[in-house]
Amino acid sequence: MNDSDLYTLRANLDEINKQLLKLISERGELVQEIGKIKNAQGMKKYDPVRERHMLDLIAAENEGPFDTSTMQHLFKEIFKAGLELQEEDGRKVLLVSRKKRSEDTVISVKGTEIGNGNPLLIAGPCAVESYEQTAEVADAVTKRGLKILRGGAFKPRTSPYDFQGLGIEGLSILKKVSEEYGCAVISEIVHPDDLETAADYLDIIQIGARNMQNYELLKEAGRINKPILLKRGLSATIEEFIHSAEYIMSQGNGQIILCERGIRTYERATRNTLDITAVPILKQETHLPVFVDVTHSTGRKDLLLPAAKAALAIGADGVMAEVHPDPAVALSDSAQQMNIEEFEIFTRELVDAGFLKLNQMV
Ligand code: PEP
Ligand code: MN
C-alpha cells in the first residue's frame, strides 16, 4: 500500500462521515416531526417497546464487521440524542429565562435603576413600628446616599402571638416617610387582596420567603404594575424559585427582583444557610436582578459585612439589610438588626472596599 492508497481510503472515510452526518441529521428532523405528533396527542416521549423493536431490527440486519452489541450501543446513543431533541422542543422556555431574553432586566424606581450593574443597598427596619422610628432610619439611610428604604408592615411571624405589624397604618407611615426623605419604599404584602391598595403606598412590593409558593399571591402580583421583590422560599430549590418568578411574569409583570435570603439546612451556626452560589446561577439562568438579604440569611450581626461583600463580589445587584434605631427593643428580629452607628460602619466598609458607590457620603 502506498501513500496515495491511504489518501484515497481516507477520502472515502470522509465521504462516509459526511453521509452519516447527513443521515443522522435527517433522522433528527424525522424525530422532531414525531415529537410534534406526540406532543399534540399528549404521548410520552420515550417508548420502550418501540426502542426494543428498533434494536431488534439492528440485530437482524447487522452483517458485521461490528458486533451486534457494539452496533446496538452506537444506535442507542443516536436514539438518546433524538429523545433529547424531542424533549428540548417540548419544553417551554420560561419568560424569566436568559434563553428568552439575553439582556439584563433593569427596573426603575423613583429614578433609581436596579440591575444596571451599579449595586444598591436596601436598608431599613425589620418592621415599621412608629413614624418616629421609621423616620429616624430613613434619615440615616438617605444621608448615606441610599435610595430605597425597607420596613415591614405585614409581618409573617412564626408565632401568632408575636407582633404582626401595623398593617395599612405601617404602609401610610412608609409613604409619608418616602415623601419626606425622597426615597423609594419597599414592604412585604401577604394577601392577594391587599396588593392593589399597597401599590398606592409602595414603590416595590416584597413577597416573603414564606409566600414564595403562594401561587394566588404570585399571580395577583403579576397583574399589577409595580416592581416585585421575590424572596427565595425557606426550603425552595433554585428551580422552584425561578418558577415562582415565572408565575408573576406569566401574568404580565416582568419587573421582578429575585432575593436570596438563605435556606434551611442542618447547620445551626447561622439562622439560615446563605446559598451564595445561587446568585451567579440565578444571573445565568434568568435575566432578572438578584439581591442578597444578609440579615435573614445569617441572623448574625458579625456576618453581615462579610456576607454582603461576598454577595457583591459574586455578582449580586444589591444587598438588603435591617437597621433599627434601638435594636434591643425592636418588636421583631432584635438580635440581628444593626443600630444606626453599626449601619454607618457597614456602609462605609462596603464603599471603602469598592463594593458600593454612593453619591451623598456624609
Ligand atoms: C423580611 O424581609 O421582612 C422577611 C420576613 O424576610 P423573609 O421573608 O426572607 O423571611
Ligand atoms: Mn426581619
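Hydrogens, waters and symmetry mates play no part in the numbers below; they use all other heavy atoms, side chains included. Remember, it's 1-based here, ligands and their atoms both numbered in the order they're listed.
- Note that the CZ atom of Arg264 and the CG atom of Asn272 stand 6.5 Å from one another [nearest 0.5 Å].
- Note on Asp333: its N/O/S atom closest to the Mn ion (ligand 2) is OD2.
- Shown here are the side chain to side chain donor-acceptor pair (under 3.5 Å) partners of Glu216, two or more places apart in sequence or in another chain: Lys219.
- Using modelled atom types, one finds a donor on one side chain and an acceptor on the other under 3.5 Å when comparing Asn225 with Gln255.
- The name of the N, O or S atom in Glu322 nearest to the Mn ion (ligand 2) is OE2.
- You'll find the side chain of Ile107 reaches within 4.5 Å of the side chain of Pro289, heavy atoms only.
- Protein residues with any heavy atom under 4.0 Å from ligand 1: Arg150, Lys155, Glu188, Gln206, Gly208, Ala209, Arg210, Lys231, Arg261, His296.
- For Lys226, there are no side chain to side chain donor-acceptor pair (under 3.5 Å) partners at least two apart in sequence or on another chain.
- Qualifying salt bridge (charged side-chain N to carboxylate O under 4.0 Å, His left out) partners for Asp56, counting only residues two or more places apart in sequence or in other chains: Arg52.
- Using a 4.0 Å cut-off between charged nitrogen and carboxylate oxygen, Lys22 and Glu26 count as a salt-bridge pair.
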